[in-house]
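Notes follow the structure.
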Amino acid sequence: MHPREQTIFAVSSGRPPTAIAIVRVSGPEAKRALEAIARCQPAPRVARRARLADAQGDPIDDALVLWFPGPASATGEDVAEFHIHGGRAVIAALVAALSALDGLRPAEPGEFTRRAFENGKLDLTEAEGLDDLIHADTDRQRRQALRQLNGLLGDRARAWRQRIIEASALIEAGIDFVDEDDVPAEVREAALGKAAALHDEIAAVLASSAHGERLRDGLVVAIAGAPNVGKSTLMNALARREVAIVSPHAGTTRDVIEVQLDLDGYPVTLIDTAGIRATDDPVEQEGVRRALARAAAADLVLWLEEADRAGEAMPPAEGVPVWRVRNKVDLTGPAGAGNGAQNAAEMPRQSGDGNVAGTAGPTFAISAARGDGMAALVAALARFAADYFGGTEGSLVSRERHRRLLRDAAAMLRRSIELRGAGDELIAEELRGAAAALGRLLGRIDVEDLLDVIFRDFCIGK
């Protein structure tokens with residue numbers, strides 16, 4: 001039997017112990033499994049209390065069971081659900097009873113969602129939205145994932161693809177009726193008009209969704225500076241917990257330390273790097289090399305320096321905005337305590353590519369240990385994140401795969417317009433390519449290898 005025709009089961013709820021655990025069964029043998037263990041057949045989509053027992057009649061649990069006959073189910077197949085008490089022993093007993101039934105096997109990661117995709121219950125963008133929703137850490141990530149799950153991009157891509165097919169049909173008609181006077185020119189212009197409008201729509205979506213896919217991974221902020229200027233103390237203060245070792249001895253941090261933050265709903269990866277200095281220690285040298293590399297790859301660098309040594313040269317970070325943060329103002333007097341709020345208010349706005357406009361970033365005066373100026377710095381970081389992600393609240397693009405395929409479709413539409421007068425066959429080929437790119441976006445064309453990559457990252461039971 002082909003794996004897709006087999007009946008699968010898995011725990012679809014959280015890690016035990018929990019108050020309630022859900023065990024889901026999907027496939028042609030789901031009804032038989034439900035009858036064998038629950039000794040009943042509930043009405044479709046109606047919860048029923050049942051005493052579960054294994055093949056020997058030994059009781060398993062007092063539970064609720066549900067029956068969803070296909071295709072009106074989450075996977076499009078017959079689905080049974082057991083809502084049991086979430087103790088490890090109860091779950092293990094039910095899983096053992098299901099494993100003992102012929103024709104049932106444990107599900108692979110993402111197999112339930114893959115079957116839903118293959119049975120037309122959701123397209124690939126919606127399946128990716130479900131995966132993003134499961135892994136969302138912040139509210140803005142959750143909202144973006146939910147929009148994708150509800151068809152934000154998929155619905156638009158289907159409409160675009162249909163319009164491309166209509167334009168292609170006009171070109172094909174022109175080829176078929178080439179002997180008719182004036183027909184080819186008329187239909188060609190109508191088709192190219194549709195292609196031009198579609199190109200402009202897709203290009204506008206790509207331009208307005210510059211950082212949509214980055215919302216999944218988060219903004220990267222690197223804390224850099226010389227040794228012993230308080231980088232680890234600042235990281236602990238921003239994270240509001242002890243994530244880095246704080247020591248008065250230089251060179252304590254020798255590797256890159258990361259922590260995930262929720263900054264006003266935006267995901268931020270904060271990086272504490274090794275102190276940047278010349279050293280003969282090979283281990284510390286590697287730490288400095290990694291620090292410089294991570295700073296160069298970050299979206300923002302906080303260059304930390306002691307307040308009484310402000311103005312030290314920073315390493316070059318081409319294309320990366322750098323903010324100077326003067327730390328330890330509590331040791332140099334209260335004069336700098338207000339500078340954080342002042343500089344935050346004067347913080348330059350970002351340009352459209354995410355870099356701070358102008359040649360110099362703002363300067364902040366803080367005490368990471370005592371808290372002076374921290375509120376202003378955090379507020380400025382939140383504004384930076386909001387400016388960086390910009391219009392991603394309604395962004396259609398949430399993955400690099402989406403952006404790449406939309407670019408391909410837009411490029412082929414542009415080439416079809418440029419081929420006016422070069423031959424209708426060439427125009428038709430470009431339009432077919434654009435429609436195929438959107439088909440791959442939705443997961444309906446030539447995506448078998450891609451499916452294995454996407455669905456293996458899902459949880460078992462999803």
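Position 1 is the first residue of the sequence, and the numbers go up from there.
Taking OG from Ser12 and CZ from Phe112, the interatomic distance works out to 5.0 Å, rounded to the nearest 0.5 Å. For the atom pair CG (Leu122) and OG1 (Thr113), the distance works out to 7.0 Å, reported to the nearest 0.5 Å. Rounded to the nearest 0.5 angstrom, Arg370 CZ and Thr233 OG1 are separated by 14.0 Å. Atom CG of Leu406 is separated from atom CZ of Arg156 by 10.5 Å, given to the nearest 0.5 angstrom. Atom OG of Ser26 and atom CG of Leu104 lie 10.5 Å apart (nearest 0.5 Å). Remark: Ile164 CD1 to Met412 CE distance equals 10.0 Å, nearest 0.5 Å.
The side-chain hydrogen bond (donor to acceptor under 3.5 Å, both in side chains) test applied to Glu201 returns Trp160, Arg163, not counting sequence neighbours. Residues satisfying the salt bridge (Lys or Arg N to Asp or Glu O under 4.0 Å) criterion with Asp123, sequence neighbours excluded, are Arg158. With sequence neighbours excluded, the residues forming a side-chain hydrogen bond (donor to acceptor under 3.5 Å, both in side chains) with Asp132 are Arg216, Arg399, listed by chain and number. For Pro44, the side chain to side chain contact (heavy atoms under 4.5 Å, CB included) criterion is met by Trp67, Pro69, not counting sequence neighbours. Scanning for salt bridge (Lys or Arg N to Asp or Glu O under 4.0 Å) contacts around Arg49 gives Asp62, with sequence neighbours left out. Partners of Asp139 according to the side chain to side chain contact (heavy atoms under 4.5 Å, CB included) rule, which considers only residues two or more places apart in sequence or in another chain, are Arg142, Arg143. Residues passing the side chain to side chain contact (heavy atoms under 4.5 Å, CB included) test with Ala21, sequence neighbours excluded: Ser13, Thr18, Ile84, Ile91. Residues meeting the side chain to side chain contact (heavy atoms under 4.5 Å, CB included) test with Ser73, sequence neighbours left out: Phe68, Thr75, Val79.
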Derivation of the side-chain contact (heavy atoms from CB on, under 4.5 Å) call for Ile37 and Leu98: CA-CA 8 Å; Ile37 293 177; Leu98 290 170; 3.3 Å; yes
Run the side-chain contact (heavy atoms from CB on, under 4.5 Å) test on Asp272 and Val259 for me, step by step, so that the C-alpha distance in whole Å, both residues' side-chain angles and the decisive distance to 0.1 Å come before the verdict. CA-CA 9 Å; Asp272 179 21; Val259 64; over 6 Å; no
Leu381 vs Leu263, side-chain contact (heavy atoms from CB on, under 4.5 Å): CA-CA, chis, key distance, verdict: CA-CA 8 Å; Leu381 287 171; Leu263 200 61; 3.6 Å; yes
Assess whether side-chain contact (heavy atoms from CB on, under 4.5 Å) is satisfied between Leu438 and Leu441, documenting all intermediate values. CA-CA 5 Å; Leu438 295 180; Leu441 177 66; 4.3 Å; yes
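Between Arg324 and Glu305 there is a salt bridge, since a side-chain N of the basic residue sits under 4.0 Å from a carboxylate O of the acidic one. Ion pairing between a basic and an acidic side chain is recognised when a charged N comes within 4.0 Å of a carboxylate O; Arg105 and Glu29 show no such pairing. Looking at Arg115 and Glu77, a side-chain N of the basic residue comes within less than 4.0 Å of a carboxylate O on the acidic one, giving a salt bridge. Between Arg404 and Glu400 there is no salt bridge, since no side-chain nitrogen of the basic residue lies less than 4.0 Å from a carboxylate oxygen of the acidic one.
Arg161 places a side-chain N or O within donor-acceptor distance of the main-chain N or O of Ala435, the cut-off being under 3.5 Å. In this structure, Arg140 contributes its side chain and Pro267 its backbone to no donor-acceptor pair below 3.5 Å. A donor-acceptor pair under 3.5 Å is absent between the side-chain atoms of Asp408 and the main chain of Ala437, judged by distance alone. Without hydrogens or angle criteria, Asp264 side chain to Ala382 main chain gives no donor-acceptor distance under 3.5 Å. Judged purely by atom type and a 3.5 angstrom limit, Asp61 uses its side chain to pair as donor or acceptor with the backbone of His85. A donor-acceptor pair under 3.5 Å is formed between the side chain of Lys231 and the backbone N or O of Ala226.
With no hydrogens or angles considered, no side-chain donor-acceptor pair links Thr138 and Asp262 at under 3.5 Å. Side-chain contact annotation: Thr269 with Glu258, donor-acceptor N/O pair under 3.5 Å absent. In summary, the side chains of Glu128 and His402 do present a donor paired with an acceptor at a separation below 3.5 Å, with no hydrogens or angles considered.
Residues Ile366 and Asp372 are not in side-chain contact: their nearest non-hydrogen atoms beyond the backbone lie 4.5 Å or more apart. Under the 4.5 Å side-chain criterion, counting only non-hydrogen atoms from C-beta, Asp54 is in contact with Ile60. Considering only heavy atoms from C-beta on, Arg407 comes within 4.5 Å of Leu206 through its side chain. When side chains are defined from C-beta on, Leu302 counts as touching Val221, because their heavy atoms get closer than 4.5 Å. In this structure, Leu130 and Leu149 have side chains that are in contact, with non-hydrogen atoms separated by less than 4.5 Å. For the pair Cys40 and Arg48, the minimum side-chain heavy-atom distance is below 4.5 Å.
A pairwise comparison of heavy atoms in Phe384 and Asp299 identifies CZ-O, 3.7 Å as the closest pair. Smallest separation of non-hydrogen atoms from Phe82 and Leu94: CB-CD2, 3.7 Å. Taking all atoms of both residues into account, the shortest heavy-atom contact from Pro16 to Gly86 is CB-O, 3.6 Å. The minimum heavy-atom distance linking Thr7 with Ala30 is given by the pair CG2-N, 4.0 Å. The two atoms that bring Ala380 and Trp323 nearest to each other are O-CH2, 3.6 Å, heavy atoms only. Residues Ala368 and Ala237 come closest through the heavy atom pair O-CB, 3.8 Å.
Residue Leu153 is tested with Val397, Val205, Leu442, Thr125 for a side chain to side chain contact (heavy atoms under 4.5 Å, CB included); the sole match is Thr125.
Residue pairs that meet the salt bridge (Lys or Arg N to Asp or Glu O under 4.0 Å) test with at least one member in residues 80-91, sequence neighbours left out, are Arg24-Glu81.
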